[in-house]
K.L.:
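Provided herewith is a single structure, encoded as structure tokens, for subsequent inquiry.
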Amino acid sequence: MSGAKISVNGRLLTTDAMPDICQMMQGCYVYAAVNTDAHRPLYLDRHMAYAASSYEKLYGTRPEYDLLQLNDNITELLDAERMPRLGNIVFIYLLPPADPKHSVDIVAATGHSTIYKGYELASLRPKAILTNYELPFAGHRTAVSLAASNYMRDFAERSGCHIALHCNRAEHLVSCGDYPIFIAINGMLYTPPSILMPPCTERELMARACDMAGISIEERDITADMLPDAEEIMVFDHTGLRSVLSLGNCFYYNLLAKRLEAAMPVLNADGLL
């Protein structure tokens with residue numbers, strides 16, 4: 001949350017006026033990170049569907065929301081914060097109420113801006129490190145997973161890198177923070193199985209981009225010792241597609257990423273309500 005304003009259950013408020021909400025956002029929540037183009041959310045329906053499904057599995061109730069109203073609330077928030085007209089990341093938080101009889105609070109807050117129009121292939125290729133950890137409620141985007149992702153990204157940056165690839169205790173590749181990862185080995189493109197990295201909006205978008213580019217994806221277990229032999233490593237995160245430059249002393253191509261770049265404008269156009 002980087003701005004002075006937030007949208008709470010459809011109302012645009014200042015953060016100073018909502019100390020209780022701001023305090024709750026330090027605790028338990030389910031979240032979605034929504035990319036935008038010219039202040040218009042992309043794939044808001046899919047992001048909210050996954051977030052609501054996670055909330056229901058964790059808390060036992062299905063959040064209710066008006067998708068069109070939330071779409072307008074996000075645009076209103078970005079306009080009020082005078083954010084750039086290119087890409088902006090907006091975080092949607094589903095906050096469990098103190099009283100289970102009350103409705104879920106839905107908060108929209110500005111994150112960071114990008115130099116792109118919605119989802120694109122990032123021009124700068126990141127250096128990666130490999131991190132090993134486990135998470136409670138794995139597969140759900142929660143306050144814990146977001147904190148771990150941010151911690152590992154900061155750890156990567158302090159190590160002279162940009163992103164942290166996530167392996168579990170069994171040395172199986174899982175993700176890059178909360179986002180799916182894709183590995184090209186011997187001419188085939190693989191992604192970790194759904195039991196490790198469940199379906200999400202970004203995984204859907206990667207599948208569509210690959211279909212348009214004529215690239216097939218298969219699920220398989222990928223262990224850390226396979227990464228030195230990979231030809232290419234890609235991450236599809238909340239900003240778009242990122243082609244990894246290096247991991248340790250290993251450097252990677254970006255041939256498939258370049259083929260996928262042409263699909264990004266189509267994905268963006270299809271993502272508007």
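Please read all numbers here as calculations on a predicted model, not as lab measurements.
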K.L.:
Out of D37, N268, L267, which residue meets the side-chain contact (heavy atoms from CB on, under 4.5 Å) rule with Y119?
P.N.:
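That would be N268.
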K.L.:
Would a distance-only check, ignoring hydrogens and angles, find a side-chain to backbone donor-acceptor pair under 3.5 Å from R153 to I163?
P.N.:
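No: the side chain of R153 does not pair with the backbone of I163.
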K.L.:
In terms of hydrophobic clusters joined by side-chain contacts under 4.5 Å, are I106 and L273 together?
P.N.:
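Linked within one cluster.
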K.L.:
Can you check whether G271's main-chain N or O pairs, donor with acceptor, with R40's side chain at less than 3.5 Å?
P.N.:
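No.
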K.L.:
Just by distance, do the side chain of S159 and the backbone of C161 share a donor-acceptor pair under 3.5 Å?
P.N.:
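Looks like no, no N/O pair under 3.5 Å.
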K.L.:
Strictly distance-based, threshold 3.5 Å: is any side-chain N or O of R220 a donor or acceptor partner for the main-chain N or O of Y190?
P.N.:
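Judged by distance alone, no pair lies under 3.5 Å.
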K.L.:
What closest approach, in Å, do A108 and V90 show between heavy atoms, and which atom pair accounts for it?
P.N.:
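Between these two residues, the closest heavy atoms are CB-CG1, 4.2 Å.
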K.L.:
Would you give the length of the straight line joining atom CE of M152 to atom CG of L130, rounded to the nearest 0.5 angstrom?
P.N.:
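One finds 10.5 Å between CE of M152 and CG of L130.
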K.L.:
Might you point out which heavy atoms bring L77 and K5 nearest each other, and give the distance in Å?
P.N.:
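Smallest heavy-atom distance, with atoms named: CD1-O, 3.5 Å.
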K.L.:
Taking atom CZ of F251 and atom CG of L245, what is their separation to the nearest 0.5 Å?
P.N.:
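So the gap between those two atoms works out to 5.5 Å.
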K.L.:
For E261 and E120, indicate whether the former's side chain and the latter's backbone hold a donor-acceptor pair under 3.5 Å.
P.N.:
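Side chain of E261 to backbone of E120, a donor-acceptor pair under 3.5 Å: no, none is there.
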K.L.:
Quick one: pull up NE2 in H47 and CG in D45 and give me the separation to the nearest 0.5 Å.
P.N.:
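Here the interatomic distance stands at 9.0 Å.
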K.L.:
Any idea which heavy atoms bring V235 and L165 closest together, and the distance?
P.N.:
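That closest heavy-atom pairing would be CG2-CD2, 4.5 Å.
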K.L.:
Measure the shortest side-chain to side-chain distance between N71 and P41 over non-hydrogen atoms and say whether it is less than 4.5 angstrom.
P.N.:
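They are in contact (side-chain heavy atoms under 4.5 Å apart), so the answer is yes.
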K.L.:
Angle between ring planes, Y31 versus Y29, binned at 30° and 60°: parallel, tilted or perpendicular?
P.N.:
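Y31 vs Y29 ring planes: perpendicular.
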K.L.:
How about R169: does its CZ atom have over 12 heavy atoms from other parts shown lying under 6.0 Å from it?
P.N.:
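Count over threshold, so yes.
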K.L.:
Going from CD1 on I181 to CG on L227, what distance comes out if it is rounded to the nearest 0.5 angstrom?
P.N.:
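Rounded to the nearest 0.5 Å, the CD1-CG separation comes out at 7.0 Å.
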K.L.:
Assess the side chains of H238 and H112: does a donor N or O sit below 3.5 Å from an acceptor N or O?
P.N.:
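Yes, H112 and H238 have a side-chain donor paired with an acceptor closer than 3.5 Å.
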K.L.:
Taking side chain as C-beta onward, heavy atoms only, is N9 less than 4.5 Å from Y65?
P.N.:
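Not touching, per the 4.5 Å side-chain cut-off.
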K.L.:
Let's go through E171 and N132 carefully: what are the C-alpha distance in whole Å and the side-chain angles of both, what is the deciding distance for side-chain contact (heavy atoms from CB on, under 4.5 Å) to 0.1 Å, and is it a yes or a no?
P.N.:
CA-CA 7 Å; E171 296 293 328; N132 186 300; 3.0 Å; yes
K.L.:
Output, in order, the C-alpha distance, side-chain angles, deciding distance and verdict of side-chain contact (heavy atoms from CB on, under 4.5 Å) for F155 and I129.
P.N.:
CA-CA 9 Å; F155 179 77; I129 64 169; 3.4 Å; yes
K.L.:
Should V30 and H140 count as side-chain neighbours, where that means a heavy-atom distance under 4.5 Å?
P.N.:
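No, every pair of side-chain atoms sits at 4.5 Å or beyond.
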K.L.:
Can R141 and E202 be said to form a salt bridge (charged side-chain N to carboxylate O under 4.0 Å, His left out), step by step?
P.N.:
CA-CA 13 Å; R141 294 183 182 177; E202 294 79 13; 2.8 Å; yes
K.L.:
Mind listing the closest non-hydrogen atom pair of E231 and N186 along with its distance?
P.N.:
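Looking at all heavy atoms of both residues, the shortest contact is OE2-N, 2.7 Å.
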K.L.:
Could you check whether any side-chain N or O of H162 sits under 3.5 Å from a backbone N or O of K127, counting only pairs where one atom can act as donor and the other as acceptor?
P.N.:
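Looks like yes, one N/O pair under 3.5 Å.
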K.L.:
Using the side-chain contact (heavy atoms from CB on, under 4.5 Å) rule, take D79 and H39 through it: C-alpha gap first, then chi angles, then the decisive distance, then the call.
P.N.:
CA-CA 7 Å; D79 287 345; H39 291 189; 2.6 Å; yes
K.L.:
Restricting to non-hydrogen atoms, name the atom on A109 and the atom on Y93 that form the minimum distance, rounded to 0.1 Å.
P.N.:
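Closest heavy-atom pair between A109 and Y93: CB-CE1, 4.1 Å.
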K.L.:
Sub-3.5 Å donor-acceptor pair from the side chain of S243 to the main-chain atoms of R125, do we have one?
P.N.:
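No.
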K.L.:
Taking atom CG of L78 and atom CD1 of I89, what is their separation to the nearest 0.5 Å?
P.N.:
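L78 CG to I89 CD1: 10.0 Å, rounded to 0.5 Å.
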K.L.:
Do D221 and L196 touch side chain to side chain, with heavy atoms closer than 4.5 Å?
P.N.:
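Yes, side chains in contact.
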K.L.:
To the nearest 0.5 angstrom, please state how far the SG atom of C176 sits from the CE atom of M197.
P.N.:
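The CE atom of M197 is 10.0 Å from SG of C176, to the nearest 0.5 Å.
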K.L.:
Regarding S194 and E219, is there a side-chain donor-to-acceptor distance under 3.5 Å anywhere?
P.N.:
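Indeed, the side chains of S194 and E219 share at least one donor-acceptor pair under 3.5 Å.
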K.L.:
Under a 3.5 Å distance rule, please check whether S7 uses its side chain to pair with a backbone N or O of V107 as donor and acceptor.
P.N.:
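No, S7 side chain to V107 backbone: no donor-acceptor pair under 3.5 Å.
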K.L.:
Take C210 and L189 through the test side-chain contact (heavy atoms from CB on, under 4.5 Å) and record every step on the way to the result.
P.N.:
CA-CA 10 Å; C210 285; L189 187 61; 3.9 Å; yes
K.L.:
Hey, does the side chain of E204 reach the backbone of P199 with a donor-acceptor pair shorter than 3.5 angstrom?
P.N.:
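Side chain of E204 to backbone of P199, a donor-acceptor pair under 3.5 Å: no, none is there.
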K.L.:
S145 and D178: side-chain donor and acceptor closer than 3.5 Å?
P.N.:
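Yes, side-chain donor-acceptor contact under 3.5 Å.
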K.L.:
Indicate yes or no for a side-chain donor-acceptor contact from E218 to the backbone of M188 under 3.5 Å, with no hydrogens or angles considered.
P.N.:
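A pair under 3.5 Å: no.
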K.L.:
Around atom OH of Y133, are there more than 12 heavy atoms of other residues, nucleotides or ligands at under 6.0 Å?
P.N.:
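Yes, enclosed.
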K.L.:
Might you point out which heavy atoms bring C200 and Y50 nearest each other, and give the distance in Å?
P.N.:
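Taking C200 first and Y50 second, the nearest heavy atoms are C-CE1, 3.4 Å.
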